[in-house]
Every structure is written in structure tokens, then in C-alpha cells.
> 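Below is a structure I'd like to ask you about.
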There are 2 protein chains.
Amino acid sequence: MELVHKDTEKIILEAARKVFIQNGYEGTSTQHIADEAGINKALLHYYFRNKDRLFEAVFMEAFTKMIPNLFVILQTEMDFFEKIELFVDSYISALQQFPQIPLFILHELKRNPDRVVEMISSTGINPALFIALIEKEIRNGTIREIDPLHFLVNMLAMCIFPFAAKPMIQGFILKNDAQEYDRFIKARKKEVTSFIINAIKK
Amino acid sequence: MELVHKDTEKIILEAARKVFIQNGYEGTSTQHIADEAGINKALLHYYFRNKDRLFEAVFMEAFTKMIPNLFVILQTEMDFFEKIELFVDSYISALQQFPQIPLFILHELKRNPDRVVEMISSTGINPALFIALIEKEIRNGTIREIDPLHFLVNMLAMCIFPFAAKPMIQGFILKNDAQEYDRFIKARKKEVTSFIINAIKK
DNA sequence: GTCTATATTGTGATAGAC
DNA sequence: GTCTATCACAATATAGAC
């Protein structure tokens, strides 16, 4: 599959990433991964011991893409509305690069919710900082009184949902036109930003 | 499993519903369903022929819950903002009854996106009607100029996402407190409604 | 490191007794 | 209608040759 010689381990990991993220843990066989990597199952076990460990490697990597460290943006000294715009822009851009990640993570997290707790510490993100920021802006009178947690979830929802619900949106709303879907995603940064700002500004 | 005698067919369907929606098509074995129903695999095949047909029955039923006919609300003669409030209230209430449906449908739709097209005709919903409604309200000056499609997706996102992302929200934002999550969901109708109305009103 | 061959268990599905 | 027994096959995983 690969003409250039990479580490075999990396080739396997790359194949696993592709197949797992496309089909999920249970929808994936080690045979399928081996075929994709152009090797055989035994070699896969040689490098990663078993299916679970290989999956774990893929999952962790994907998780950090799902919860990126974009929250640092919110802690800078920019104008608040510019922060929001930059956050939405950056997050949607990141998801455009890996559009399959949201549904993959959501599904696998449901299969094993305990993982979230383990993962929390690995990312440096603390929702409390976000809450504090919003409360400060309310006191300053920059924005109207809103619940910070619901606001956070609203932002994430509007950024993430269109990717997780791609088949529904494309098939149901956009008459199954793939080009329409691409245009829709491209327009979203602007649409979401203005929607949010209008919702919270005083 | 059932003391009262129901139709065996219904008992199997009920078990299949539970197991499929919890674990997805590929995460479910016919054995698992048979155990849940308190019967054996052979009987399952007697009534539903194969796994696919049984799944199809479960999926179709679930799909109509995911895309409910709440759009009729929007076609009534109420005040526009009251329509929005009623839509959000009703939809979140419906999802509260079946909180696992969103992620189930999203995942299974990805596995077979062609289904959406088939399903479109079965529901009587037409996004064009929604678009026309929004455009009318813009002309009337009730709301500011927004893209109707993005607005529709924003509404759906804010209603659906908290259910699809339950493990993430509960584990990551709410420190893994199940009661906190319940309170969060209860508060959402009000939060989402006011967020939307502030975002679109002139 | 990489392969073939194989062990072992689980899967969807059917045959046939009752 | 409902069961047990069984088939054919696919799954994960390991042993052992090279």
C-alpha cells in the first residue's frame, strides 16, 4: 500500500486510524485493518498485542482532536467578541480537517463512558475557566445574563453537530447534494459566529 | 422475562429495540437479543427471518422519533416566537423520553447513508416550508436577516447535541455527576429558547 | 520482523424433533 | 410455535517456520 518505506508500526497505525474512525470499534475487524495496511493479522498482533490496544492508540489521538486546546484563545486579552469569532473559526476549521472524528468519538465514548474521566486529566482544559470568563463579561456588561454552561454547550453544539449529522443534513435538508453540503459547511463559520454574538450581546 | 403473555413477536421486537439502540447494529448479536427476550435465536429467525430485517424494524421506528412531525407547529397561526418556543419545548421533551435515539440514528445513518433518501418520503416533512416561513418573517420585519438553513441546523443542533454527547457533557463539563446532567437537561428548554430568540429578534 | 498455519471462540442461520 | 442440535463461516489470537 505504501511505496515509501515507513515504520511498519506507523503504517499499521495509519490503517487502523482510517478503518476504526470510518467503521467504529465493533464495525472493524483486524483482517480489515491488515488488508488496508497491506500486511497480515499476525504482524498487527506483533506490534500492538491485540485489537484493544491498537484501538486505544487511535482513540486517544482522535479524542485530543475532538477537544482541542482552543480554550486558550478564550484566556487571551482580545476583545470578547473577537475571541468568540476566533474560537468558532478555529474549531470548525479543525473539524473540517477531520470531519469523521465527532461521530466516532461520540459513539465510542458511549460504548465506554469511563474513558472520559481518564481523559479529563490528559487535556489541560478546565470548564471552570470558561465559566469564570463568561461571568466576568456579564459583570462588565459586555453581554447579557446567560448561563455559562448552556452557552458553552450551545457553541459546541453548533460547531460539532453539522459534522456528526452529515448524512442527515446532506440527505434530508440538502437533497443529497454533496457540493451543497460542502458549501453549507464553508458558510458556517460566519453564520455561527453572528448567531452567537446576536444571542449574547446586550 | 415477561410474566404477562404478549405476542412473542412483540417481545422480541422490544428486546431488539433495547439492545440495538444501546449497542448499535454491529455491537449487537442475535444471541444477545434472544437472551434479553428470554427466548432462543431460532425463534428470532422464525419471526424476523434474519438480523437485518429485525434491525430495519427497530431503525424505522426510531427514525420517526428522531425527525418528529413537530414541523407542523411552525405552520400554525401562532406568534412566531411562540412557535419557536413550542417547537423547542416539544422536541426536547420528545428526546427526553428517548435520549439514546439521536446517537443511535446518527451512527446507523452513517453506516448506510442511502437510507435517508428512502426515509425522506416516509416522513411528510419538507424543509422548503420551513425556509419559506423564515423568509416571510424576515420580510415582515419580525426577525433579522438570517440564513434559514443555518438557523434550522442551529435549532436542531442545540436540541439534539446534548443527548448525543451525554457522556462528554456529563463527564467533562459536569464532573461525572448524573444528577447534574439531569438538572442540566431540564433547564435546557428555557435556555435554548431564549438563546434562539435573542439571536434572531430585531 | 514477517509470514503461514492453526487453535478457539462467537456469529448468523437452518434442520428437524416435539 | 418453540425448542435443541448443528452447520458454515468469521472473529481474535497464538505458535512456529523462515
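Throughout, protein chains are lettered first and strands after them, A, B, ... in sequence-line order, and every chain is numbered starting at 1. Heavy-atom basis, side chains included; hydrogens, waters and symmetry copies ignored.
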> Whole Å only: how far is the CD1 atom of A:I11 from the C1' atom of C:dG1?
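Rounded to the whole Å, the gap is 13 Å.
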> In whole angstroms, how far is the P atom of C:dA7 from the NZ atom of A:K41?
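These atoms are roughly 14 Å apart.
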> Under 4.0 Å from OP1 or OP2 of C:dT2: is there any side-chain N or O of A:N40 that close?
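For C:dT2, neither OP1 nor OP2 has a side-chain N or O of A:N40 closer than 4.0 Å.
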> Distance check needed: C:dC3 C1' versus A:Q31 CD, whole Å only.
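In whole Å, C:dC3 C1' and A:Q31 CD are 13 Å from each other.
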> Give me each pair satisfying ring pair (Phe, Tyr, Trp, His ring centres under 6.0 Å) with a member in residues 27-52 of chain B, each pair once, sequence neighbours excluded.
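The answer is none; no pair qualifies.
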> According to ring pair (Phe, Tyr, Trp, His ring centres under 6.0 Å), who are the partners of B:Y181, at least two apart in sequence or on a separate chain?
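Scan of B:Y181 (ring pair (Phe, Tyr, Trp, His ring centres under 6.0 Å), adjacent residues dropped) gives none.
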> Please determine whether a side-chain nitrogen of the Lys or Arg among B:K51 and B:E26 lies less than 4.0 Å from a carboxylate oxygen of the Asp or Glu.
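Between B:E26 and B:K51 there is no salt bridge, as every charged N stays at least 4.0 Å from the carboxylate O atoms.
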> Quick one, which residues of residues 16-29 of chain B touch DNA chain C with a heavy atom under 4.0 Å?
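Heavy-atom cutoff 4.0 Å gives B:T28, B:S29.
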> So does A:T30 get a side-chain nitrogen or oxygen closer than 4.0 Å to the phosphate oxygens (OP1/OP2) of D:dA13?
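No.
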> For residues A:F130 and A:L152, report the shortest heavy-atom separation together with the two atoms involved.
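For A:F130 and A:L152, the tightest heavy-atom pair comes out as CE2-CB, 3.4 Å.
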> For B:E9, which residues count as a salt bridge (Lys or Arg N to Asp or Glu O under 4.0 Å) partner, sequence neighbours excluded?
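Result, salt bridge (Lys or Arg N to Asp or Glu O under 4.0 Å) vs B:E9: none returned.
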> Please report, rounded to the nearest Å, how far the P atom of C:dG12 is from the CD atom of B:E56.
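Nearest whole value for this atom pair: 16 Å.
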> Looking at DNA chain D, which of residues 42-52 of chain A put a heavy atom within less than 4.0 Å of it?
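When residues 42-52 of chain A is checked for heavy atoms under 4.0 Å from DNA chain D, the hits, listed by number, are A:A42, A:H45, A:R49, A:N50, A:K51.
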> My understanding is that only residues two or more places apart in sequence, or in another chain, count here; which of them pass ring pair (Phe, Tyr, Trp, His ring centres under 6.0 Å) with A:Y25?
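Scan of A:Y25 (ring pair (Phe, Tyr, Trp, His ring centres under 6.0 Å), adjacent residues dropped) gives A:F55.
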> Kindly list each side-chain donor-acceptor pair under 3.5 angstrom involving residues 58-72 of chain B, sequence neighbours excluded, with atom names and distances?
from  : atom 1 : to    : atom 2 : distance (Å)
B:E61 : OE1    : B:R17 : NH1    : 2.8
B:E61 : OE2    : B:R17 : NH1    : 2.6
B:T64 : OG1    : B:E61 : O      : 2.7

> Identify every side-chain donor-acceptor pair in residues 156-173 of chain A under 3.5 Å, counting partners at least two apart or on other chains, and give the distances.
none

> What is the distance, to the nearest angstrom, from the NZ atom on A:K10 to the P atom on C:dG1?
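Going from A:K10 (NZ) to C:dG1 (P), I get 14 Å.
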> With sequence neighbours left out, write down each residue that passes ring pair (Phe, Tyr, Trp, His ring centres under 6.0 Å) with A:H107, or none if nothing qualifies.
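With neighbours one apart ignored, the set is B:H107.
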> How close or far is atom P of C:dT9 from atom NE2 of B:H32, stated in whole angstroms?
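So the NE2-P distance, B:H32 to C:dT9, works out to 21 Å.
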> Mind calculating the distance between CD1 (B:I33) and P (C:dG12) to the nearest angstrom?
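The distance from CD1 of B:I33 to P of C:dG12 comes to 8 Å, rounded to the nearest Å.
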